[in-house]
Number of protein chains: 2
Amino acid sequence: METRELRYFVAVAEEAHVGRAAERLGMAQPPLSRAIAQLERRLGADLFVRTPRGMALTGVGRTLLDEGRAALAAVEAAERRTRRAAEAPGRAPVVLTAKAGASSELMAKLLDAYAAEPGAVAVDVVLSPPGHQALMLRDGRADVAILHRPFDDVSGFDVDELATEEQVLILPSGHPASTSRSMTVAEAGAIPDLPLPRWPSLDGSYPDGPGPELRDLTQVLQLVRLGRASVVLPESARANLRDGLAVVPLTDAPRVTTLIAWPPHSTSAGVAGLVRAAGAL
Amino acid sequence: METRELRYFVAVAEEAHVGRAAERLGMAQPPLSRAIAQLERRLGADLFVRTPRGMALTGVGRTLLDEGRAALAAVEAAERRTRRAAEAPGRAPVVLTAKAGASSELMAKLLDAYAAEPGAVAVDVVLSPPGHQALMLRDGRADVAILHRPFDDVSGFDVDELATEEQVLILPSGHPASTSRSMTVAEAGAIPDLPLPRWPSLDGSYPDGPGPELRDLTQVLQLVRLGRASVVLPESARANLRDGLAVVPLTDAPRVTTLIAWPPHSTSAGVAGLVRAAGAL
DNA sequence: AGCGGGGATACCCCCGAGGTATCGGGAGCC
DNA sequence: GGCTCCCGATACCTCGGGGGTATCCCCGCT
């Protein structure tokens with residue numbers, strides 16, 4: 001199977017519509033129709049059922065979509081990492097990605113510790129929106145990532161644990177609930193006038209619910225200070241708190257583990273060095 | 001990048017010789033030369049240095065070889081799993097692979113436990129030579145594998161631990177060393193007339209050394225019984241021992257962990273069921 | 001029945017992958 | 001030094017298939 005075929009298939013599967021997929025791919029509809037038909041013939045399987053509305057995936061098609069996406073990401077990663085290795089002969093920088101605005105203290109320690117090693121290579125730090133770190137690692141835009149369990153999908157990577165912490169509820173300091181010694185997650189979610197905010201999923205859309213739609217920590221803390229929301233955060237967020245905010249420990253929130261992750265077959269000396277430095281923190 | 005280009009590149013990199021690579025690929029040498037040159041041009045990097053003897057990988061080329069192999073395996077996996085899903089619409093069997101001749105008791109328990117679940121799907125068991133399980137999982141020939149740490153490379157898979165055991169030295173029962181209460185690995189390797197056997201690597205070749213070349217457990221136990229070798233095995237191998245063999249515990253051999261492993265993005269109900277059954281053992 | 005949206009077919013073109021023949025150049029070898 | 005292998009690279013040709021335009025066919029909706 002050629003990657004071109006896979007790209008075509010994934011486009012049609014995602015759009016559920018040959019015409020739209022063709023547009024997205026920058027080509028005409030008929031050759032795309034033919035390519036899909038040919039792929040089905042070669043695999044000896046129906047990947048779609050043709051409905052009057054468009055194309056619907058079959059079970060077999062679903063399998064190919066899952067596997068094909070992973071395969072395409074691997075091919076992209078191969079190309080990107082090769083290009084990056086070519087740019088700076090010998091001493092190509094290693095790209096580390098982390099969630100914008102989190103773990104800054106730990107990251108600083110890590111970068112300092114690694115930079116002090118003999119033969120340390122340059123490290124490009126790329127801050128990206130929550131949840132994108134794993135994607136970047138999978139498709140070769142990054143070489144190492146700082147991830148957070150249980151929020152990030154760690155599967156398929158090699159990881160080392162760096163730190164584990166409890167989560168706490170942040171709420172406006174004047175609020176009656178702010179005097180509680182501790183709380184459960186259920187209780188925190190049920191405070192009547194303080195809804196928990198909603199965070200965007202990977203595609204940028206928001207789940208349904210009552211809470212405000214928010215993108216970053218600064219926003220949410222401001223809203224909490226205004227008495228319009230409360231939020232569950234890892235304990236280390238305490239470092240960023242100003243006046244007007246109260247902290248209540250949560251008894252049953254999942255512990256958050258900060259991890260350093262890298263692709264399993266990585267042979268880069270820079271990655272190995274960073275991981276070693278992280279382990280020694 | 002197309003998979004065809006990647007396949008060509010990997011062939012040339014492995015053969016270090018355009019002519020031989022072309023032969024292996026079933027094509028003529030010139031188009032392959034051109035394809036490689038074109039790939040280098042498109043990536044804007046030298047992947048090989050041309051020597052009078054053939055082609056030698058550059059550092060950049062090394063990167064592409066590592067990443068490219070993984071990418072090709074992923075594409076192959078996508079195609080194979082799709083084909084398998086197509087063969088048996090709805091109820092395609094899940095393929096489980098394990099090392100020939102090991103863990104038979106544990107496997108039997110696992111298969112029984114899973115078969116007892118409601119909605120259990122058929123399980124094809126594929127026994128393959130040691131070390132091949134991870135490869136089969138990577139390229140889609142299998143869906144689940146029984147692996148053994150630290151022997152198998154587990155990176156890139158999701159795993160659950162099933163059991164951990166010590167390793168022991170097996171030697172002929174008449175031998176003077178057989179009366180020891182315990183031993184270190186170094187001592188076991190230094191017994192003068194009882195060399196440790198050599199096992200084949202993934203490509204079928206044997207490492208250099210004094211011990212006999214062996215392929216399977218039956219062979220090696222026979223040789224031990226004849227007083228020509230000794231061997232380090234997990235404790236569970238005791239179950240298969242007949243007369244004429246003595247067992248000495250090793251104090252510093254690494255513990256062997258039996259794992260169930262599956263590809264991280266697996267969505268197969270059969271895989272999930274097997275893993276669940278394994279966890280409940 | 002008429003129409004509109006969506007995929008499939010028919011037919012054509014041309015790019016590029018692959019083949020054969022040949023070249024150029026480095027390494028050994030008398 | 002010149003001869004000869006043994007490489008990979010170039011030149012040149014062929015042809016299949018991927019991509020384009022025009023059009024068809026089918027189905028659902030009004």
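Small disclaimer: the values here were computed from a predicted structure and weren't measured. All values below were derived from every heavy atom in this structure, side-chain atoms included, with hydrogens, water molecules and symmetry-related copies excluded. Each chain gets a letter, A, B and so on, in the order the sequences are listed, and its residues count up from 1.
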**Message:** I want to check something: taking the side chain as every heavy atom from C-beta on, are B:T82 and A:L47 in contact at a cut-off of under 4.5 Å?
**Reply:** yes

**Request:** Scan A:R34 against the nucleic acid and name what it touches under 4.0 Å (heavy atoms): base, sugar-phosphate only, or nothing.
**Result:** base

**Message:** Could you check whether A:R276 pairs with A:E117 (Lys NZ or Arg NE/NH1/NH2 to Asp/Glu carboxylate O, under 4.0 Å)?
**Reply:** yes

**Item:** Nearest to side-chain heavy atoms of B:P31, which nucleotide of D:dC27, C:dT20, D:dA22
**Value:** C:dT20

**Asked** Rounded to whole angstroms, how far apart are CD1 on B:I36 and C1' on D:dC7?
**Response** 15 Å

**Prompt:** What is the distance, rounded to the nearest whole Å, between atom CG of B:L39 and atom C1' of C:dA17?
**Reply:** 15 Å

**Prompt:** A:E40 CD to C:dA8 C1': how many Å, rounded?
**Reply:** 12 Å

**Prompt:** Between atom CD in B:Q29 and atom P in C:dA17, what is the gap in whole Å?
**Reply:** 17 Å

**Item:** Integer-rounded Å distance: C:dA17 C1' and B:E2 CD
**Value:** 13 Å

**Prompt:** Which is true for A:Y8 with a 4.0 Å heavy-atom rule: it touches a base, it touches only sugar-phosphate, or it touches nothing?
**Reply:** sugar-phosphate

**Request:** Find the distance B:L32:CG to C:dG16:P and express it as a whole number of Å.
**Result:** 19 Å

**Message:** Let me spell it out: for each of B:R53 and A:Q38, pick the nucleotide of DNA chain D with the closest heavy atom. Which residue's pick is nearer the 5' end?
**Reply:** B:R53

**Request:** Check the distance between C:dG18's P and B:R7's CZ and give it to me in whole angstrom.
**Result:** 11 Å

**B:M55 CE to D:dC6 C1', straight-line distance once rounded to whole Å** = 15 Å

**Asked** Considering heavy-atom distances to DNA chain C, does B:M27 or A:V18 have its closest nucleotide positioned more toward the 5' end?
**Response** A:V18

**Prompt:** Can you find a side chain N or O atom of A:H17 that sits less than 4.0 Å from OP1 or OP2 on C:dG7?
**Reply:** yes

**Item:** Backbone of A:T97 reached by a side-chain donor or acceptor of A:Q133 within 3.5 Å
**Value:** no

**Item:** Note: A:D153-A:R138 ion pair, threshold 4.0 Å (strictly below)
**Value:** yes

**Request:** Ignoring backbone atoms, establish whether B:S33 has a side-chain N or O less than 4.0 Å from OP1 or OP2 of D:dG8.
**Result:** no

**Prompt:** Relative to A:Y8, does A:R4 satisfy both conditions: NZ or CZ under 6.0 angstrom from the six-membered ring centre, and within 45 degrees of the ring's axis?
**Reply:** yes

